[in-house]
Amino acid sequence: MSDESSDKHVERVIIIGGGTAGWMTAAGLASMLGSTGLAITLIESEAIGIVGVGEATLPHIKYFNDTIGVDEAEFIAATSATFKLGIEFVDWARKGDSYIHPFGEFGLANEGVPFHQYWSKMSGALDTGPLDDYSLPVVACRKGRFQRPSDDPRSVLSTYRYAYQFDAMQYAPFLRKHGEARGVTRIEGKVTGVDQESESGNIASVTLETGQRVEGDLFVDCTGFIGLLIEKTLKTGYESWSQYLPCDRAVAAPCESAGPLLPYTRATADCAGWRWRIPLQHRTGNGHVYSSGFIGDEDAERALVDNLDGKLLADPRILRFVTGKRRKLWNHNCIAIGLSGGFLEPLESTSIYLIQEGITKLLELFPDTDSFTVEMEEYNRRMDLEFERIRDFLILHYHATERDDSDFWNYLRTMKIPGSLADKLELFRNSGRIAAYDHGLFLVPSWIAVLLGQRIGPTNYDWRVDQLSEEHIRQHLSGLRNHMEQAASDMFDHANFLTQNGLARGVA
Amino acid sequence: MSSAKPLRRIVIVGDGMRAAMAAAYLAKACGRAGADIVVMSGGEAGKTGQVVVRPSALRFNAELGLNPAELCKKNIASPLFAAEMPSSNGPVTLPYAASGVASNGVEFHHYWLRASQAGFDSALHEYSLPLTLQNARSGIALESAAGFKIPFGLRIDRASYAQLLVNVASAAGVRASKGKLSAVQKLTESDWPMRLSTSDVEVDADFLVDVSEGSSAENAVGASRSGWSGRYLRIDSGVDLPGIEVFRLQRGLTRFASLIPGRGNAHSDSGEFNRIFHAEENRITDMACLLTADEAEARQRPALARKIDLFTACGRIPSEDYEVFQPCEWLAALMARGHFPERAERLAERMPETELRIWLESLRRQIADLRKQVEAA
Ligand SMILES: Cc1cc2nc3c(=O)[nH]c(=O)nc-3n(C[C@H](O)[C@H](O)[C@H](O)COP(=O)(O)OP(=O)(O)OC[C@H]3O[C@@H](n4cnc5c(N)ncnc54)[C@H](O)[C@@H]3O)c2cc1C
């Protein structure tokens, strides 16, 4: 790939694609490297358009926005965003079940023993209640409340973080303004040709429908599922994970808002997939993610439309995908960020996070010249790890179920899972312990929320729990529970919080 | 749901500081749940002299009620801001905190590198707070460490440390049994799963923790590798680098306590222990190899080769799961072994060159002033 004898300084980055991935990359690079003389060009085609879904995020996005200097109030107003404290999973382990995976912790560790171990011991007692009662973000979700977290580590308000639910059609245009103000050049047009250097195979330039040729040193492929550079040109190959994550389609449609504005996303399991519900300020985003091997498009659409809260606002639209990732996310002088790099389905709102990780790692490893084999290998290694660990976490939701009411669930419940996940499950089943790692998105509280939410009950609890008397533990639990209840009650109603802080649509 | 039945008796095999660490910690972690902790020591004198405690082990001490300031006051210990490691090129100092200060999310050494490449002549250690405090008197050093919030370890007298731990262990009811372990017998017909024998006594136990300097129990049990297997945990002293012996014990014991099995011996718990224990062992061997082996041997170790290559290419130090050494220690070791980055991270270019020089000059002066104050004190 790189030719040592003619090391060329990287001065021009060309981003193809102006969806969420393209404009996040452009804004990120311009904010962080624009002042170093790096020229950033983004080419997008209005005729092709963007995928326009992807409305639920993770708390990391706030860090991204802050780092590139986005004003939160402007961002919220521009994208009609609401706050998000977690995801509710309905009907996953059994029909009728509901649990919330919060962006925060459960209870307080005691004597070095994690909180859920005490809860496990007492979970049979009537006055113990569900684990949810011991997580402030969960209690706040159930009450429809919100408040920004505190920086004071002694406060219970420091035990959670928040993300946003926003209008996906608006985030890219919002970032476009930000990027252009920092020097990004935008070219409107469809790329129809790609030229490669004959010897190295690196991409030298792209040609637009108009005949315009745009040369670059480094290319970022943000063309969505099509993968114009990474796949169509460089033939990188795709690693499909559809044997583990068989959903391959989604039908999406917005509807009118109804009921209180909830600070969380809902994912309801259906007979061949699941339905999302994402409350925005001006409407609710909905979709049905399903496996075409188990249900037809029409039935899937009906399942979506029949379960909407309010009036349908646009025709349902079908999207097709294959879960998995490119064999190399950085190949030659091309880095695939966004859907062009892979897609793990939206169950835990991880795609925008993966875009952000791609940008962060690219910034950290940004090559100086076209001799970048080492940087490329490190980028691919770290991104592979991110994808694989998220994949395991997603599989857990599907596999750890008692549902046997459809072929879809029977397949998922009985399928062979990756060894890395099987070991984690065995450890948790035995003793309620979580196999932790240093690198990866989902930390211990997330695993606890989903494992217990999916009814993976440990057969034993940590015996150090017995060092405290039952009465002592009962008091500890009841104190915590009251504290969470009180703290959540003192928060603001979610909709009022937006209005009173000047964050409501059209206010800022 | 029920708790796994608690272990009734854990026997620790070993001598001196190593056995005392295990006894004090396990008594604290499991004693209250009723586990009986017995130390079987062969009465060997064990090592003497000083031992290095890395900053990460101070929490372990704190859990046992051992406060670094008090240890220093009693002249048993002195604060340590860097450890001197043996290498093929002579001793190498690995600091416990980075030189300079990170700015805009970019590590300081990238700025230093960029300035050096632009002709600004200075050595990285001229910006090092830990190396400045390294020779300070205990009191000043501890005060400064608190003021600047920089991590420190301890150099501690092994025998005195062992005695303090023995006191903690005795207060927690640990029993000592003199005599070298001669046999470990698996019991099938008994309420107990194993019987340990010395020439004088026999002790029934649920679990055996072997921290001996040799391998007292290894032969008796038939295990061949450090780690957790069945009802046997062996923590050896590991690679002979300052700080590693105590690190291995501290990490091994705390992790064992957090995974401690019930009487029914859980296979997945030992799997989890070994997974992390051996990953850490690999990271330590990587460092030892970097310091003492030749390039070809270092390249046999993928994670180490990655560190060398990425550092050389762009000054970054990739991290693995379960790192033992901090990036600042890897940086010092890599440079001491002749690996230099070809360039600084691109993000460091954001600071204009004149601003960079002024900043570095001011940082260097602050450190030099501090050094004078420390030396005068
Ligand atoms: C059903 C579904 C639900 C999702 N839900 C979530 C969620 O809740 N949370 C989350 O984080 N993510 C979610 N995602 C993922 C999220 O939508 C994407 O990660 C995000 O929108 C980024 O898309 P993109 O920019 O990679 O691609 P796109 O939005 O498809 O953009 C591609 C761009 O490339 C341009 N382009 C393509 N070809 C050419 C060409 N030849 N010439 C010029 N330009 C070209 C297009 O014009 C467009 O600008 C979801 C995805 C799907 C499919």
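A note on names: the letters A, B, ... follow the listed sequences, proteins ahead of strands, and every chain is numbered from 1.
- There is no contact between R429(A) and chain B, counting heavy-atom distances below 4.5 Å.
- In terms of heavy atoms, Y437(A) sits closest to Y322(B) at CA-OH, 3.5 Å.
- Considering only heavy atoms from C-beta on, D309(B) stays 4.5 Å or farther from E377(A) through its side chain.
- Considering only heavy-atom pairs separated by less than 4.5 Å from chain B, the leading option among G440(A), A435(A), S35(A) is A435(A).
- Counting heavy atoms from C-beta outward, R346(B) and L33(A) have side chains that approach closer than 4.5 Å.
- When each of R382(A), E426(A), K424(A), Q467(A) is checked for heavy-atom pairs under 4.5 Å with chain B, Q467(A) comes out on top.
- Annotation: maximal heavy-atom pairing with chain A below 4.5 Å, among A313(B), S319(B), P352(B), A29(B), occurs at S319(B).
- For E345(B), the part lying under 4.5 angstrom from a heavy atom of chain A is the side chain only.
- Checking side-chain atoms of R464(A) against main-chain N and O of A257(B) turns up a donor-acceptor pair under 3.5 Å.
- When each of V465(A), L365(A), T36(A) is scored by its heavy-atom pairs under 4.5 Å with chain B, the top score falls to T36(A).
- Taking R275(B), E349(B), M351(B), R306(B) one by one and counting their heavy-atom pairs under 4.5 Å with chain A, the maximum is reached by R306(B).
- In this structure, the portions of R350(B) lying under 4.5 Å from any heavy atom of chain A include both its backbone and its side chain.
- In this structure, no portion of T254(B) lies under 4.5 Å from any heavy atom of chain A.
- L425(A) does not touch chain B: none of its heavy atoms, backbone or side chain, sits under 4.5 Å away.
- Using a 4.5 Å cut-off between heavy atoms, V10(A) contacts chain B through both its backbone and its side chain.
- Residues satisfying the salt bridge (Lys or Arg N to Asp or Glu O under 4.0 Å) criterion with R12(A), sequence neighbours excluded, are E215(A), D217(A).
- Rounded to the nearest 0.5 Å, atoms NE2 (H439(A)) and CD (E323(B)) are 7.0 Å apart.
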Step by step, work out the side-chain contact (heavy atoms from CB on, under 4.5 Å) result for R316(B) and E378(A). CA-CA 10 Å; R316(B) 283 196 81 83; E378(A) 177 64 5; over 6 Å; no
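- Going from atom CG of L310(B) over to atom CZ of R381(A) covers 9.0 Å, rounded to the nearest 0.5 Å.
- To the nearest 0.5 Å, atom CG of residue D368(A) and atom SG of residue C314(B) are 9.5 Å apart.
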Show me the donor-acceptor pairs within less than 3.5 Å that the side chains of residues 101-108 of chain B make with the rest of the protein, sequence neighbours left out.
none

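- Salt bridge status for R433(A) with E272(B): absent, with no side-chain N to carboxylate O gap under 4.0 Å.
- More than 12 heavy atoms of other residues, nucleotides or ligands lie within 6.0 Å of CG in D438(A), so this atom counts as buried by the packing criterion.
- Taking chain B as the reference chain and counting heavy-atom pairs below 4.5 Å, the highest number among G432(A), A436(A), G124(A) is found for A436(A).
- Between D269(B) and S431(A) the shortest side-chain heavy-atom distance falls below 4.5 Å.
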